[in-house]
Amino acid sequence: MRNLLASLFLIISACLLSTLSAAQNSGERILSYDVTIEVQKDADFIITERISVNSEGRQIRRGIFRDLPRYKLDDGTPIPYRYKLP
């Protein structure tokens, strides 16, 4: 009986530890983010972003979205610019 209780205790402990470990490792989050900005001779910028995420389909369902800035002068006049996406 004592061996049975000890075995049962070990099994329950192992299950709880594996559940806690999985809970700590889960979750939707950004794992790494790296950006490289190159300034060209003609004053253009080449910006490359590398993002690694952990997604479980809860909040991040359709990828990561990026809002690109729109620049204006102090008087509100838009500054012309182009974005080229690969």
Side-chain angles (χ1 to χ4, degrees):
M1 180 70 168
R2 197 173 248 183
N3 285 341
L4 178 63
L5 288 176
S7 297
L8 185 59
F9 176 76
L10 287 174
I11 291 170
I12 291 172
S13 297
C15 289
L16 286 175
L17 286 175
S18 67
T19 302
L20 289 174
S21 176
Q24 289 176 348
N25 292 331
S26 67
E28 296 185 326
R29 63 184 186 272
I30 295 174
L31 302 173
S32 66
Y33 174 78
D34 181 48
V35 62
T36 303
I37 301 172
E38 299 174 45
V39 181
Q40 305 295 302
K41 288 183 180 182
D42 62 358
D44 281 347
F45 292 89
I46 297 176
I47 302 172
T48 306
E49 293 179 323
R50 290 179 186 84
I51 304 172
S52 176
V53 299
N54 182 47
S55 173
E56 296 176 347
R58 292 184 206 152
Q59 294 177 351
I60 302 173
R61 294 183 187 161
R62 295 180 182 93
I64 297 174
F65 294 90
R66 166 73 70 220
D67 291 327
L68 299 175
R70 303 188 185 280
Y71 300 104
K72 295 181 180 181
L73 296 174
D74 290 337
D75 65 0
T77 306
I79 297 174
Y81 58 89
R82 293 183 309 223
Y83 290 113
K84 293 181 186 175
L85 303 175

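FYI, side chains are in, hydrogens and waters are out, and symmetry mates aren't considered; it's all heavy atoms of this structure. Given the structure is predicted, the values throughout are model-derived calculations rather than measurements.
- Counting non-hydrogen atoms of neighbouring residues, nucleotides and ligands closer than 6.0 angstrom, the CD1 atom of I51 exceeds 12 such neighbours.
- Of all the heavy atoms in E28 and G57, the pair that sits closest is OE2-N, 2.8 Å.
- Atoms CD1 and OG1, from I47 and T36 in turn, are 10.0 Å apart once rounded to the nearest 0.5 Å.
- Pairs passing the salt bridge (charged side-chain N to carboxylate O under 4.0 Å, His left out) check and including a residue from residues 34-44, sequence neighbours excluded, read D34-R50.
- For the atom pair OG of S52 and CZ of R29, the computed distance is 10.0 Å after rounding to the nearest 0.5 Å.
- No path of Ile, Leu, Val, Met, Phe, Trp and Tyr side chains, each step under 4.5 Å between heavy atoms, connects V35 with L31, placing them in separate hydrophobic clusters.
- Residues forming a side-chain hydrogen bond (donor to acceptor under 3.5 Å, both in side chains) with Y71 (at least two apart in sequence, or on another chain): none.
- Scanning all heavy atoms of the two residues, the minimum distance from P78 to K72 falls at CA-CG, 4.1 Å.
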